[in-house]
Structure formats: structure tokens, C-alpha cells
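Residue numbers run from 1 in the order of the sequence given.
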Amino acid sequence: MSTTNLPLPSHDGAPLLRRLPFLVWDKLSLYIPALLMLLLALASFLLLQATPEPVAPPAPRAISSEPDNFMQGFSVRNFNADGSLRSEVFGTEARHHPDTGNTVIDQARIRAFNDRRQLTTATAQQITANAAGDVFILEKDAVVVRQAGRADDGSVIPRMEFHGDYLRVTLKPDHLSSDRPVLLIRGQDQLVSQRLDFDGDQRVADMEGAVRVQFAPRP
């Protein structure tokens with residue numbers, strides 16, 4: 001009786017099975033950076049979705065043109081740096097407008113001094129003064145009177161009057177203008193023009209339009 005020798009099972013597959021997890025990990029490790037970047041992007045997207053939108057700052061409020069301050073039966077003074085009086089304003093009522101900084105004065109009177117301390121007075125039914133107090137708009141029955149004085153060279157500066165429905169006066173530089181008819185009285189002479197530009201520092205009057213002149217008799 002002969003005995004047939006059967007082949008023993010092979011153990012060559014055992015090492016492969018043991019290396020399989022490592023082989024799979026090696027393959028997966030190639031994609032780990034990409035997976036991490038994908039997860040990071042996804043987390044950032046979810047965070048942005050969960051973050052509330054910033055609250056928009058409120059739109060700036062328009063400054064009202066309605067008066068915010070009133071004065072009645074008042075006087076206001078402005079002074080030069082050396083303490084001398086530059087101008088003084090009187091009125092029955094004043095209204096300050098915050099959008100322009102201007103003050104509108106009813107039944108107004110103004111006293112102002114230039115650098116030579118020559119006095120100028122002004123009256124009108126309504127005067128609008130800027131915030132700095134050096135520009136005045138005179139409307140309705142406007143009259144500006146510059147008292148006589150002397151120039152730096154000692155020559156006499158005659159008394160002058162300006163009459164009109166609209167006069168714009170500035171203190172520095174010394175200037176008076178109007179784009180409406182103006183009556184200018186210089187000493188005893190009278191001049192009427194449709195427009196006027198007067199440089200007080202140079203004492204030069206530029207008159208335009210139909211100009212009429214009436215000279216007083218000279219002795």
C-alpha cells in the first residue's frame with residue numbers, strides 16, 4: 001500500500017496580507033493634503049454663512065435749513081485781535097440757520113470800523129451775516145454810510161452814502177458791491193448806476209450800466 005504525499009499549504013500570501021494596511025495608507029496619504037484643504041475650505045464657507053452681515057452705518061443726517069437759534073432785541077459785537085471794536089450789529093430779531101451758518105437779522109443796524117478806524121454804518125429791513133461776521137447782505141431799503149476821514153497820506157476822504165435794494169458789504173477787504181441799481185452820494189455829488197463795485201481800500205468805484213451823474217456847483 002502506497003501513501004501519496006499531499007502538498008502542504010503555501011504561506012506566501014501571509015506577508016502580503018500583513019502589508020495590505022500599509023499599502024492602503026500609503027495610497028491614502030497622497031490625498032490627505034487635498035482632503036485637508038477641502039475640509040478647511042468647507043469650514044471657512046460654513047463659518048462665513050453663520051457670521052451675521054455687518055450692520056451698515058446710518059446715513060448722515062442732512063443739516064436742516066430751519067433756524068435752530070433765535071434772538072430778539074439784541075446786539076452782537078466783534079473785536080479785532082488787539083481788542084478794538086470791529087463791528088456791532090443790532091436787530092429786532094435774528095435767526096441762525098445751521099446749514100449755512102448764516103444769521104438773518106430783521107430791522108438791522110451795523111456799525112463797523114476799517115483799519116483806519118473810519119466808521120461805516122448800515123441799515124436795512126433785513127441783513128444776512130455770515131458765520132465769521134465779516135460779510136453782510138443788506139436787502140430792502142439798504143443804506144450804507146461811510147463817514148469822512150483821512151487817508152494815510154493825510155488827504156481828506158469825503159463822506160459817502162450808498163442806497164439800494166441790495167448791497168453786499170465785506171469788512172476785510174473793505175468792499176461794497178451790488179448787481180442792482182445803486183445811488184452813490186459822494187460829498188455833494190450824486191451818481192446812479194445799474195451795477196456797482198466799490199473798493200474801499202483803494203477808494204475806487206466801478207459803475208456799470210446806465211450811469212447818471214449830478215455834480216454840485218463848485219465854489
Side-chain angles (χ1 to χ4, degrees), residues 65 67 75-76 78 80 85-97 99-219:
S65 61
S75 66
V76 177
N78 289 301
N80 294 309
L85 180 65
R86 181 175 64 179
S87 65
E88 186 172 19
V89 181
F90 305 84
T92 58
E93 181 177 286
R95 299 171 296 279
H96 177 262
H97 294 264
D99 57 334
T100 61
N102 293 340
T103 300
V104 179
I105 309 164
D106 295 335
Q107 303 299 324
R109 294 181 295 117
I110 298 175
R111 298 174 65 248
F113 295 89
N114 61 14
D115 292 339
R116 294 186 296 270
R117 303 306 296 167
Q118 183 180 4
L119 175 63
T120 297
T121 59
T123 60
Q125 292 187 28
Q126 186 176 90
I127 295 181
T128 301
N130 69 343
D134 55 5
V135 178
F136 303 92
I137 305 297
L138 289 68
E139 298 177 278
K140 301 178 182 178
D141 300 326
V143 179
V144 175
V145 179
R146 299 168 60 92
Q147 298 298 332
R150 290 191 176 276
D152 296 336
D153 59 3
S155 60
V156 176
I157 301 176
R159 185 178 187 272
M160 301 179 70
E161 295 184 21
F162 302 86
H163 299 255
D165 191 57
Y166 174 92
L167 299 174
R168 185 180 188 275
V169 179
T170 63
L171 301 184
K172 290 186 177 182
D174 187 0
H175 186 261
L176 186 150
S177 63
S178 179
D179 57 0
R180 303 177 194 176
V182 176
L183 166 64
L184 168 59
I185 302 175
R186 183 179 185 273
Q188 300 297 319
D189 302 328
Q190 297 187 14
L191 303 92
V192 178
S193 65
Q194 301 302 307
R195 292 175 296 278
L196 172 70
D197 190 283
F198 177 75
D199 185 336
D201 294 325
Q202 301 297 324
R203 290 179 288 160
V204 175
D206 184 6
M207 310 182 77
E208 299 180 1
V211 180
R212 302 195 307 270
V213 180
Q214 179 180 339
F215 293 109
R218 297 298 191 265

Give, for atom CG of L119 and atom CZ of R117, the distance between the pair rounded to the nearest 0.5 Å. 9.0 Å
If every non-hydrogen atom of E88 is compared with every non-hydrogen atom of L85, which pair is closest and at what distance? OE1-CD2, 4.3 Å
Considering only heavy atoms from C-beta outward, does the side chain of M207 approach that of V192 to under 4.5 Å? no
Between R150 and V156, is there a side-chain heavy-atom distance shorter than 4.5 Å? yes
Indicate the atoms forming the closest heavy-atom contact of F198 with A205, along with that distance. CD1-CB, 3.7 Å
Could you state the interatomic distance from CZ (R180) to CG (L196), rounded to the nearest 0.5 Å? 14.0 Å
To the nearest 0.5 Å, what is the distance between CD (Q126) and CD (Q107)? 9.5 Å
To the nearest 0.5 angstrom, please state how far the CG atom of D134 sits from the CZ atom of R86. 6.0 Å
Can you establish whether the number of heavy atoms outside Q188 located under 6.0 Å from its atom CD is more than 12? no
Result of checking D197, D201, D199 against H175 for side chain to side chain donor-acceptor pair (under 3.5 Å): D197
My understanding is that only residues two or more places apart in sequence, or in another chain, count here; which of them pass ring pair (Phe, Tyr, Trp, His ring centres under 6.0 Å) with F136? none
Got a sec: does the CZ of R95 have more than 12 other heavy atoms crowding it under 6.0 Å? yes
On a heavy-atom basis, the closest approach of T123 and L138 is O-CD2, 3.8 Å
Suppose we screen for salt bridge (Lys or Arg N to Asp or Glu O under 4.0 Å). Which residues come up paired with R159, at least two apart in sequence or across chains? E161
State whether the side chain of Q118 and the backbone N or O of Q147 hold a donor-acceptor pair below 3.5 Å, judged by distance alone. yes
When rounded to the nearest 0.5 angstrom, what distance separates NE2 in H97 from OG1 in T128? 7.5 Å
Student check: side-chain heavy atoms of L176 and R146 closer than 4.5 Å: no
In Å and rounded to the nearest 0.5 Å, what is the CG to OG1 distance from D174 to T120? 6.5 Å
Answer yes or no: is there a donor N or O on one side and an acceptor on the other, between the side chain of T92 and the main chain of D106, under 3.5 Å? yes
Polar side-chain atom of D189 near backbone of A216 as donor-acceptor pair, under 3.5 Å: yes
Please name the pair of heavy atoms, one in A108 and one in I127, separated by the smallest distance, quoted to 0.1 Å. CB-CD1, 3.4 Å
Mark yes or no for whether S178, through its side chain, and Y166, through its backbone, hold a donor-acceptor pair below 3.5 Å. yes
Is any side-chain heavy atom of D141 less than 4.5 Å from a side-chain heavy atom of Q125? yes
Can you name the nearest heavy-atom pair linking D206 to E208, along with the distance? OD2-OE2, 3.9 Å
Compare every heavy atom of I110 with every heavy atom of V89, then report the nearest pair and how far apart it is. CG2-CG1, 4.1 Å
Are R168 and D179 close enough for a salt bridge, meaning some N to O gap below 4.0 Å? no
